[in-house]
2 protein chains.
Amino acid sequence: MGRKSLKSEHIPKATIGRLAVYIQVLERLKSEGTDVISSENLAQACSVNSSQIRKDLAYFGEFGVRGVGYYVQELITSIKQSLGVDRIWNCCIVGVGNLGRALLRHGEFKSKGFNIKVAFDCDPYKIGEIVEGLEVICTRKTRNLVSEQKLEIGIITTPPERAQRAANYLVEAGIKGIINYAPSRIDVPDHIPLEYVDFIHHFYALAFHINLGRAAE
Amino acid sequence: MGRKSLKSEHIPKATIGRLAVYIQVLERLKSEGTDVISSENLAQACSVNSSQIRKDLAYFGEFGVRGVGYYVQELITSIKQSLGVDRIWNCCIVGVGNLGRALLRHGEFKSKGFNIKVAFDCDPYKIGEIVEGLEVICTRKTRNLVSEQKLEIGIITTPPERAQRAANYLVEAGIKGIINYAPSRIDVPDHIPLEYVDFIHHFYALAFHINLGRAAE
DNA sequence: CAGTGTGAATCTCTTCACAGCT
DNA sequence: AGCTGTGAAGAGATTCACACTG
């Protein structure tokens, strides 16, 4: 397991981000009945350069047909395999506040293969409560549940001051990767992949770009 | 208005992203009682290189004191001014489903100066309903409300197939920038800044990096 | 003398341009 | 004829290294 037909050793971080976009657009094209698409047309739909797409795909293999383009369904499958999202990933969430509940309610994760199987919280008033069909479990039981339920991805939705402790529990329990929705930086060992999701960051970027446009007038 | 003391013409997109991180970390440092910090120490707390920080700040001015470092509160203020987030921004949300409600409930936006003043939806069953203190308004009234309420930022939380139409309404009404939480690409005129927030994208990246580590074993 | 601010060097990513398939 | 796959060129971002300042 874990074998991968990478043609190249290192893959740009930005490429991974774009592959997710390609999947999104390709799924829409598929649902609209498009069977084949050229890198040029896909590029337009994704607002990127067409050789960017060809290069991104070339990191993983040769998926196209010269003179023709890419078969949409085949390409979706290939990209998903390349990313390793062609299977179910077992996830847990730590912190059942507003944000945690919203994510549990959000159906997109499960439909894309990210199955949230366990919800943790350290608040005794919440423990035992049923949220979206899941019983809230005491955070101390992280170690047992991660191995019992084969949990791979931990989603942190605690308040910022408790995010580091949540991460520590998860790492100690043997989690394989972490997504941090709490607005604080956390430390994890180098071998644990970590992604930050920060809502405010996008608002700051937008505000800046709006001002920039205004200044140019 | 809109004048800005930029020392440099173009600023890397990545710099803007990091400035948001610096603010986050600096706010924590401030609350912990730190008054002065060197670029080296701030760099460690943000997991970046220290000359990266100095260069990022240099795009906007000279905020440090040689031989000393940066005064934390002063630096927070300077960065916020540079980004243009030292004032209130009027926002509206289009689409009052699960996600829209969760964002309305999420207090962080308002506390950071992004005030969601109006909630739109096109579903007649939702129009008139009060959600988190806001009356849901018919999407057709976008034009009137954007000017009346001086709305600047539009947040799209519709289902993917309705995101483009929501964007059209907003642009036509004179909105200045858009954040799209719907999992679909949208087209807007070049002069309208646009940010995508895609939850699944981070899960894909994480899955890929977990597999990569596994493959190296 | 500690630590900023910055030109120069390095590294990484993107785009071009075209050879090579189908 | 048309479009992919890819080396080479170009653009952009990061890091180094040190002159300069409080």
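So you know, we letter chains A, B, ... as the sequences are listed, proteins then strands, and number each from 1. No hydrogens, no waters, no symmetry mates; every other heavy atom, side chains included, goes into these values.
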Hey, can you pull the donor-acceptor pairs under 3.5 Å for the side chains in residues 65-76 of chain A, sequence neighbours left out?
residue, atom, partner, partner atom, Å
A/Q73, OE1, A/K30, NZ, 3.0
A/Q73, NE2, A/T77, OG1, 3.1

Rounded to the nearest angstrom, tell me the gap between atom CD1 in A/I53 and atom P in D/dG5. 12 Å
Output the rounded distance in Å from CG (A/L57) to P (D/dT4). 10 Å
Could you state the CD-P distance from A/Q52 to D/dG12, rounded to the nearest angstrom? 13 Å
For A/I53, does its backbone N or O pair with a side-chain atom of A/S39 as donor and acceptor, under 3.5 Å? no
Just verifying a value: how many Å separate A/I178 CD1 and A/I153 CD1, rounded to the nearest 0.5 Å? 10.5 Å
Between B/N168 (side chain) and B/E172 (backbone), is there a donor-acceptor pair under 3.5 Å? no
Polar atom pairs between nucleotides 20-22 of chain D and protein, under 3.5 Å, N or O only, would you list them?
residue, atom, partner, partner atom, Å
D/dC20, O2, B/R66, NH1, 3.3

Take B/Y70 and A/P12, find for each the nucleotide of DNA chain C with the closest heavy atom, and name the residue whose nucleotide sits nearer the 5' end. B/Y70
Would you mind writing out the side-chain donor-acceptor pairs for residues 96-106 of chain A within the sub-3.5 Å range, not counting sequence neighbours?
residue, atom, partner, partner atom, Å
A/R101, NE, A/V96, O, 3.2
A/R101, NH1, A/E129, OE2, 3.0
A/R101, NH2, A/V96, O, 3.4
A/H106, NE2, A/E108, OE1, 3.3

To the closest 0.5 Å, what do you measure between CG (A/L134) and CD1 (A/I93)? 9.5 Å
Would you tabulate the side-chain donor-acceptor contacts of residues 19-29 of chain B under 3.5 Å, counting partners in other chains and residues two or more places apart, or write 'none'?
residue, atom, partner, partner atom, Å
B/Y22, OH, B/D56, OD2, 2.7
B/Q24, OE1, A/R185, NE, 3.1
B/Q24, NE2, A/P183, O, 3.4
B/Q24, NE2, A/D198, OD2, 3.4
B/E27, OE2, B/K80, NZ, 3.0
B/R28, NE, B/E32, OE2, 3.1

B/K55 NZ to D/dA13 P, in whole Å, measures 12 Å
For atom CG of B/D56 and atom P of C/dT4, their distance in whole Å: 14 Å
Heavy atom of residues 14-33 of chain A under 4.0 Å from DNA chain C: which residues? A/A14, A/R18
B/K117 NZ: over 12 foreign heavy atoms closer than 6.0 Å: yes
Send over the distance from A/R54 CZ to C/dC16 P, rounded to a whole Å. 11 Å
Does A/Y181 form a side chain to side chain contact (heavy atoms under 4.5 Å, CB included) with A/I155? I'd like the steps, not just the answer. CA-CA 7 Å; A/Y181 279 80; A/I155 307 165; 3.6 Å; yes
Side-chain donor or acceptor of A/Q164 paired with backbone N/O of A/D187 under 3.5 Å: yes
Taken to the nearest whole Å, OH/A/Y71 to P/D/dT4 is 12 Å
I need the residues from residues 34-51 of chain A with at least one non-hydrogen atom less than 4.0 Å from DNA chain D; give them sorted by number, or say none. A/S38, A/S39
Can you measure A/Y59 atom OH to D/dG7 atom C1' for me and round it to whole angstrom units? 13 Å
Kindly indicate whether the side chain of A/S78, heavy atoms from C-beta on, has any atom under 4.5 Å from the side chain of A/F60. no
